[in-house]
Structure formats: structure tokens, C-alpha cells
Visitor: 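Shown below is the structure under consideration.
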Amino acid sequence: MGKVITIRQMSAHVGEAVTLEGWLYTKTGKGRLQFLQVRDGGGICQAVVFKGNVSEEAFELARALTQESSLRVTGTVKEDTRAPGIPGGYELDVTGLEVVQIADEYPIQPKEHGVEFLVRNRHLWIRSSRQWAIMRVRATVIRAIRGWLDNNGYLNVDTPILTPNAAEGTTTLFEIDFHGEPAYLAQTGQLYSEATILAFGKVYCFGPTFRAEKSKTRRHLQEFWMVEPEIAFCDLDGLMEIEEQFVSHIVQRCLEENAEELKLLERDTSALEQVTPSFPRIHYDEAVDIVNRAAAAGELVPGYEDKVPHIEWGDDFGSPHETYIAAQFDKPVFVHHYPTQVKAFYMEPEPDRPEVCRSVDLLAPEGYGEITGGSERMADVDKLIAGIEEHELPMAAFDWYVDLRRYGTVVHSGFGLGLERTVAWICGLTHLREAIAFPRTLGSMRP
RNA sequence: UCCUCGGUAGCUCAAUCGGCAGAGCAUCCGGCUGUUAACCGGAGGGUUGUUGGUUCGAAUCCAACCCGAGGAGCCA
């Protein structure tokens, strides 16, 4: 038995006797020759078992291997351009084989499967090379998020998941029993981050958030991860500059670190290479004009068979509108100054034009929709109290939040970036459920 | 919540006008020294989502229900 190495290390061990530990991904038998595709978590390598090179017993073991059987395989590393795999180009000329377990008949074949079946078998599906690649990109996105923020003066201060009140209405909250008191799973950490910036200047929280929306689409999960930077002494223009730097950094890190994964996903990376500062900025007024010109001309929503619907000034954009607007640009596009009435109570109205507020959404290209939402927050105590009253929210629940405007209030802004939507966009996925290991979608909580 | 589509072998699907339940893959057996979702020969594998109805006869038609998909709304 040779030294145990990983598949990633094989290129440095050509000609040496080594051992790989892993699982059988697929197998092709050809008489006295067995081609084993072995996974070890970091890559896939072809191990070639020739009857003449191994014991009779070992050859029979190789023939009896089933998909996903766990094993240790020993042999000589050979360079061979014919060898498939990840990264490929090297194979193992097998001299010995130890079976850890012969797996039961494995349900997932390297063939086409339906969505229902794959979701039901998510605990196994994550072993498939495509899902494997997505999870690796996701990890890079998370590293890039933390890396950029940590290196730019942001302090990671996480916020509670159990919260006592509904910040923006109860219909989208999961209610739980907190020792007899109602409590809710957090749908944002923003209000708490507005407290922590007054202690630390620039902060971010990063964790799971929960939305009980009855949304059953490819763009929604009941549980998703969100990173929410919040910045003191920052206005709307400053916020957009931060967002474009931040998002560009994330995309470029993935291009650098996951070229192999993106290739496996057949992602067109030329579209991602263009994601560099600065991003186009359009005012809500202009966005409404763009939409209504398309509606008048009878244009179709890109990727759908429906026409672009007309919109009245003052309404929020629906999915078809956002898809159409984003398709007009080859980079993510900022839409800013949404109508005050459709946005949350804490967003700062534009002083000269209070019917719009200092809010901004970032729409990803290629139909991936809104990936960030943010705003400049209301800094004045009297205006904030008026806003809470206008939205008919329980003042008592917001006493601590109003306090923040009494003790050294400053202009401040923040945004939330949806992790799964970002991963789906970078990977070119058609559905958010592939962007998280164990998705929680409407009506489905297994496995 | 509403709209649309779907549910047949482990998986992906077929079954003409309502007339014997079928293939490919997977599994098992046999063959093959370069396979890449191999190939060749053979075998086993079915409560057609559930319940009821129409009919000589239902996978097929009707009703209700269950489950799934993706779109609207809402959102990241």
C-alpha cells in the first residue's frame, strides 16, 4: 500500500505507488480491463484495473464494485492524456484494491433525472459532479464576501435569528413559541446592524434568513443566506460605489478560483468577465419609461412568451419588469429612488421630492433578478417616528431602534445581498434550489 | 391564494379511436485489453398517485382528493 494522497496531488506523484481513498463514481467494464472513476471529494480520477496486474481476488472485487461503493485503491500514477476526470490527465494503474463497503444499488445514475426525484434524493444528489461544482463556487462566494469586507474595515457582528417583533409585516414571518411568547425567525438583521454601526462604524452580518412567503418560483427559498453590510457616514451614492466594488470582487474571485467548476457547469464566463466597476445607474422614473416604451411596442419579456406589462408610476416593479430592465444592460444595473410608498418605513425620502426615497436595488443580468436591495436609512428621530406611525407599526417594538437616532445619529446606509441568487447567477443555474446544499422551498423540507 | 402543466417498472419515457402494460438505462448472468452516459447476447422487474363513477372492457373518459413542477403576487 502506497502513501495516501488526494486526486489533486496526483500530478506531483507520477511514477510513484500511491493510495487513493474515495468512492466509485462510475465504472466501465471491458473484459479483462475495468475502468473505475474514483471520487475523493476533491476530484475524480480514472483507476485502471487490468486483470494481469492484480490478484484474481482483487480483479473480482473490482468487477463486483457498485456505484458509490467506498474503497481504497493502490497503484502507480501515470500521465495519460486519455484519462478523464477532474482535473484529468492522470490515472492510476491499479495494483491493489480494498473495498470498504459495497454500496446498495444507487438511485442516481449519470443520466437524466426529473426534478422531483433529485430533490427527494438531495442527500445523494450533492455527490454529482454538477452539484459538487456549485457547492465549491458557493464556498468561494462566501470566502470572497468575508474577505472583501474584512479587508475593507468592516467588522462581522452577527444579529439574532430569534426576534421579538415583525419589522416589516407579519405575513412573511415564521412564528415560533418562545416559552409562551410569540417570536419570529429573522428575515433581516438590518435593524440590529444599525445599532452596531454606532459602535463599530462599518459592520456586516451574515447568516440564514427566513421568509414565509407563499412563493413557489425558481427565485425563492423559504430559508436563504444573506450578507448585510451597514455603513455609518454613508449616503446613497456612497452605497452604490461600495456595492459595485463588492459584487465585482465576488465575481472576479470565482473566475480566478473556480475556472474548472464553471467550465464543468458550462457557464459562459465572458459575461462574468464584464462585471467590473462601475455599474450603470438608472432612476426609477427612467426605469418606468423604459418599461412602458417596451409595453407600448408590444415587446416580450426576454426568456418568456409574455409581453412586458405596462406599469403605473408609483407601483413597484414585478418580476417581468425587472427581467426586461436588466436585459437592457450587460452588467448588473442599479435602479434607484423607488417610490417612498412601496418601500419600507426606514428609508430616507429625497428632501426635494419626498415621493421617492433613497433606495437602490441591483438587478443581475441574464434574468437573475434582484441580487441586492438597500437604502440610505432615515437618520432624523422625528421623521422616523412619523414613518413608523404612517406605516401603522407598533411603536413600542421600535423604541430601541428610535433610540439610535437620539444618541449620535449619522447619515448611514446598508444593503443585503442574497447569497443563493448570487451563486445561481455566477453558476448560471435555472433554479435557486441548486445553490444551497439542503434547500427549503415552499412545501418541501426533506431531506 | 390564483393560473397553467404533469403523476405508468428503481430512473427517463411510450402505449393510435376506450381493446393483451412497452422500450432504453439501472440491476443480475455471459462475452470483450482503452472505456469516456461503452458495446453485444440473455434474465428478472407493474396496485398505471388515491377514491369513486361511466362502460362488455379504463393508463386512456368523468368527479373529488393527494403529490409535484413553474408562473403571478411578494421578495433577496
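Every chain is numbered from 1, with letters handed out A, B, ... down the list of sequences.
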Visitor: Between A:V48 and A:T441, name the one whose nearest nucleotide on RNA chain B is closer to the 5' end.
Guide: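 In this pair, the answer is A:V48.
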
Visitor: Between A:S319 and A:R219, is there a side-chain donor-acceptor contact under 3.5 Å, judged purely by atom types and distance?
Guide: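 There is such a pair (donor and acceptor under 3.5 Å, judged by atom type) between the side chains of A:R219 and A:S319.
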
Visitor: When all nucleic acid strands are considered with a 4.0 Å heavy-atom cut-off, which category describes A:E228: base, sugar-phosphate, or nothing?
Guide: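 Here A:E228 touches no strand at all.
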
Visitor: Please figure out whether A:T66 or A:G114 has its closest RNA chain B nucleotide nearer the 5' end.
Guide: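 The residue whose closest nucleotide sits nearer the 5' end is A:G114.
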
Visitor: Quick one: does NZ or CZ of A:K343 land under 6.0 Å from the six-membered ring centre of A:Y338, within 45 degrees of the ring axis?
Guide: yes

Visitor: As a test of the definition: with a 90° window around 0 for syn, would you call B:C25 syn or anti?
Guide: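 That one's anti.
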
Visitor: May I ask you to evaluate whether A:R218 reaches the phosphate of B:C75, defined as a side-chain N or O under 4.0 Å from OP1 or OP2?
Guide: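 For B:C75, neither OP1 nor OP2 has a side-chain N or O of A:R218 closer than 4.0 Å.
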
Visitor: Give a yes-or-no answer on whether the side chains of A:N156 and A:R146 include a donor-acceptor pair shorter than 3.5 Å.
Guide: yes

Visitor: Between B:A58 and B:U50, how far apart are the two P atoms, rounded to whole Å?
Guide: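 My reading of the P atoms in B:A58 and B:U50 gives 15 Å.
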
Visitor: Atom CD of A:E116 to atom C1' of B:G70: distance rounded to whole Å?
Guide: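 Computing the A:E116:CD to B:G70:C1' distance gives 14 Å.
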
Visitor: How is A:G29 classified with respect to the nucleic acid when contacts are heavy atoms under 4.0 Å: base, sugar-phosphate, or nothing?
Guide: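 Base, at least one base atom sits under 4.0 Å.
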
Visitor: If I take atom CD in residue A:Q67 and atom P in nucleotide B:A26, what distance separates them, rounded to the nearest angstrom?
Guide: 10 Å

Visitor: If you measure from the C1' atom in B:G7 to the same atom in B:U35, how many Å do you get, rounded?
Guide: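 Result for the C1' pair: 37 Å, nearest Å.
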
Visitor: C1' atom, B:U36 versus B:G73: distance in rounded Å?
Guide: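 That atom pair is separated by 47 Å.
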
Visitor: Using atom CG of A:D80 as one end and atom C1' of B:U35 as the other, report the distance to the nearest whole Å.
Guide: 12 Å

Visitor: Give the nucleotide from the list B:G70, B:G34, B:A76 with an atom nearest to the side chain of A:T217.
Guide: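 My answer, after comparing the listed nucleotides, is B:G70.
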
Visitor: For side-chain hydrogen bond (donor to acceptor under 3.5 Å, both in side chains), just list the numbers for A:E228 and A:T188, CA-CA rounded to whole Å, side-chain angles, deciding distance to a tenth of an Å, and then say yes or no.
Guide: CA-CA 8 Å; A:E228 295 178 275; A:T188 171; 2.6 Å; yes

Visitor: When the P atoms of B:A69 and B:C61 are considered, how many whole Å apart are they?
Guide: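 It works out to 24 Å between them.
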
Visitor: How close or far is atom C1' of B:C74 from atom CZ of A:R219, stated in whole angstroms?
Guide: 11 Å

Visitor: Reckon A:E223 touches a base, only the sugar-phosphate, or nothing at all at heavy-atom distances under 4.0 Å?
Guide: nothing

Visitor: For A:K214 and B:G71, what is the distance between atoms NZ and C1' respectively, to the nearest whole Å?
Guide: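 These atoms are roughly 18 Å apart.
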
Visitor: What is the nucleic acid contact for A:P84, judged by heavy atoms within less than 4.0 Å: base, sugar-phosphate only, or nothing?
Guide: base

Visitor: From C-beta outward on A:R211, which listed nucleotide comes closest to its side chain: B:C11, B:C75, B:G73?
Guide: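 The listed nucleotide nearest to A:R211's side chain is B:C75.
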
Visitor: Taking the P atom in each of B:G10 and B:G45, what is the distance between them to the nearest angstrom?
Guide: 12 Å

Visitor: Taking atom P of B:A76 as reference, at what distance in whole Å does atom CZ of A:F206 sit?
Guide: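 Distance check: A:F206 CZ to B:A76 P gives 16 Å.
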
Visitor: Between B:A37, B:G73, B:C11, spot the one nearest the side chain of A:F117, thanks.
Guide: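 Out of B:A37, B:G73, B:C11, the nucleotide with an atom closest to A:F117's side chain is B:C11.
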
Visitor: If you look at every heavy atom in A:I250 and A:A144, which pair is closest and at what distance?
Guide: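 Closest pair (atom of A:I250, atom of A:A144, distance): CA-CB, 3.9 Å.
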
Visitor: Could you work out which one of B:A76, B:C75, B:A38 sits closest to the side chain of A:L432?
Guide: B:A76

Visitor: Is a donor from one side chain sitting under 3.5 angstrom from an acceptor on the other, for A:T76 and A:D93?
Guide: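 Absent: no donor and acceptor within the cut-off.
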
Visitor: Please classify the nucleic acid contact of A:L221 as base, sugar-phosphate, or nothing, using heavy-atom distances under 4.0 Å.
Guide: base

Visitor: Is the distance from OP1 or OP2 of B:C28 to the nearest side-chain N or O of A:R63 less than 4.0 Å?
Guide: no

Visitor: Considering only B:C11, B:A69, B:A38, which nucleotide approaches the side chain of A:Q109 most closely?
Guide: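 Comparing B:C11, B:A69, B:A38 against the side chain of A:Q109, the answer is B:C11.
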
Visitor: Looking only at atom P, what distance separates B:C2 and B:A64, rounded to whole Å?
Guide: 14 Å

Visitor: Taking OP1 and OP2 of B:A37, is either one under 4.0 Å from a side-chain nitrogen or oxygen of A:K111?
Guide: no

Visitor: Looking at A:H220, I'd like to know whether one of its side-chain N or O atoms comes within less than 4.0 Å of OP1 or OP2 on B:C74.
Guide: no

Visitor: Base, sugar-phosphate or nothing for A:E112? Non-hydrogen atoms, less than 4.0 Å.
Guide: sugar-phosphate

Visitor: Tell whether A:S215 reaches the base of B:C75 with its side chain through a donor-acceptor pair below 3.5 angstrom.
Guide: no

Visitor: Which value, in whole Å, describes the distance between the P atoms of nucleotides B:U8 and B:G68?
Guide: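 14 Å, rounded to whole Å.
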
Visitor: Name the nucleic acid region contacted by A:D361, choosing base, sugar-phosphate or nothing; use a 4.0 angstrom heavy-atom cut-off, strictly under.
Guide: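 Contact class for A:D361: none.
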
Visitor: Counting side-chain heavy atoms from C-beta on, which of B:A69, B:U36, B:C75 comes nearest to A:R82?
Guide: B:U36

Visitor: Taking pairing as Watson-Crick or G-U wobble with both contacts under 3.5 Å, can you name the mate of B:C17, or confirm there isn't one?
Guide: none

Visitor: Could you state the CG-P distance from A:L362 to B:C75, rounded to the nearest angstrom?
Guide: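 Answer to the nearest Å: 17 Å.
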
Visitor: In whole Å, what is the span from the CD atom of A:Q34 to the P atom of B:G34?
Guide: 13 Å

Visitor: Measure the distance between the ring centre of A:F224 and the centre of the six-membered base ring of B:A76, then answer whether it is under 5.5 Å with planes under 30°.
Guide: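 So A:F224 counts as stacking on the base.
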
Visitor: Quick one: pull up OG1 in A:T140 and CD1 in A:I426 and give me the separation to the nearest 0.5 Å.
Guide: 9.0 Å

Visitor: Classify A:T372 by what it touches in the nucleic acid, base, sugar-phosphate, or nothing, heavy-atom distance under 4.0 Å.
Guide: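 Sugar-phosphate: the residue A:T372, judged by heavy atoms under 4.0 Å, touches backbone atoms but no base.
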
Visitor: Considering Watson-Crick and G-U wobble pairs with both distances under 3.5 Å, what does B:C61 pair with?
Guide: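 Pair assignment: B:C61 / B:G53.
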
Visitor: Between the base of B:C75 and the side chain of A:R421, is there a donor and acceptor pair under 3.5 angstrom?
Guide: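 Yes, the side chain and the base share a sub-3.5 Å donor-acceptor pair.
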
Visitor: With both distances under 3.5 Å as the test, what is the Watson-Crick or G-U wobble partner of B:A72?
Guide: B:U1

Visitor: Touch check for A:Q46, heavy atoms < 4.0 angstrom, all strands: base, sugar-phosphate only, or nothing?
Guide: base

Visitor: Measure from the side chain of A:R433, starting at C-beta and using heavy atoms only, and say which of B:A26, B:G73, B:G70 lies closest.
Guide: B:G70

Visitor: Whom does B:A9 pair with, Watson-Crick or G-U wobble, provided both distances fall under 3.5 Å?
Guide: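 Paired with B:A9, as far as the under-3.5 Å criterion goes, is no nucleotide at all.
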
Visitor: Using the P atoms only, state how far B:U47 lies from B:C32, rounded to an integer number of Å.
Guide: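 Each nucleotide's P atom is 38 Å from the other's.
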
Visitor: Can you confirm whether the side chains of A:E230 and A:Y204 place a donor and an acceptor under 3.5 Å from each other?
Guide: no

Visitor: Would you give the length of the straight line joining atom CG of A:L432 to atom OH of A:Y368, rounded to the nearest 0.5 angstrom?
Guide: 10.0 Å

